[in-house]
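All remarks here apply to the structure that follows.
Counting convention: from 1, in listed order, for ligands and their atoms alike.
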Amino acid sequence: MSHVVTEPCIDCKNTMCVTVCPVNAFHEDERMLVIDPVECIDCGACVPECPTKAIFPMQRVPAQWKSYIKLNEEKAKVLPIITELKTPLS
Ligand code: SF4
Ligand code: SF4
């Protein structure tokens, strides 16, 4: 099990989430972040840091965003790791 980043993350890039992750599980593309399910230890520390409430435990991802479970897994394999705070996009 891991945590999953979903649709509300798009164009946020607030990235407070990455500063609290103990295992550097976040990866980024141009518009959103994803969590590597292999690295994530399900600690939940990133959840309260996310202002858009985009992060869910895998088993509690809302129905309309279930496709993000696969998307996080696939994108995390190819995208660069992000570990430092960035300037938000919006
Ligand atoms: S704080 Fe939430 S919405 Fe913002 S980049 Fe992190 S996961 Fe995405
Ligand atoms: S649940 Fe914990 S380990 Fe997983 S991405 Fe969030 S902070 Fe990192």
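- Heavy atoms only, all atoms of each residue included: H27 and I82 are closest at C-CG2, 3.8 Å.
- For the pair V5/F26, a side-chain contact is recorded, criterion being any heavy-atom separation below 4.5 Å from C-beta on.
- What you find for C21 and N24 is that their closest heavy atoms are SG-N, 3.6 Å.
- Side chains of D11 and M32 form no contact here, defined as non-hydrogen atoms less than 4.5 Å apart.
- Counting protein heavy atoms only, atom 3 (S) of ligand 1 is closest to T52 OG1, 3.1 Å.
- The atoms of ligand 1 that sit less than 4.0 Å from any heavy atom of P51 are 1 (S).
- Each of the atoms 1 (S), 2 (Fe), 3 (S), 7 (S) of ligand 1 lies under 4.0 Å from some heavy atom of C50.
- Counting atoms of ligand 1 from 1 in the listed order, those under 4.0 Å from a heavy atom of N14 are 4 (Fe), 5 (S).
- Just one of M58, K70, Q59 meets the side-chain contact (heavy atoms from CB on, under 4.5 Å) condition when paired with V4; it is M58.
- Using a non-hydrogen distance threshold of 4.0 Å, G44 registers as a contact of ligand 2.
- To the nearest 0.5 angstrom, K53 atom NZ is 12.0 Å from T6 atom OG1.
- The shortest distance between side-chain heavy atoms of Y68 and F56 does not fall below 4.5 Å.
- By the 4.5 Å heavy-atom criterion applied to side chains, T15 and L85 are counted as neighbours.
- Counting heavy atoms only, I55 comes closest to atom 7 (S) of ligand 1 of the residues I82, V34, I55.
- Near atom 8 (Fe) of ligand 2, less than 2.8 Å away, sit the protein N, O or S atoms C21 SG.
- The nearest non-hydrogen atom to atom 8 (Fe) of ligand 1, considering only C9, P8, C12, comes from C9.
- Looking only at side-chain heavy atoms (C-beta outward), E28 and L79 stay at 4.5 Å or farther from each other.
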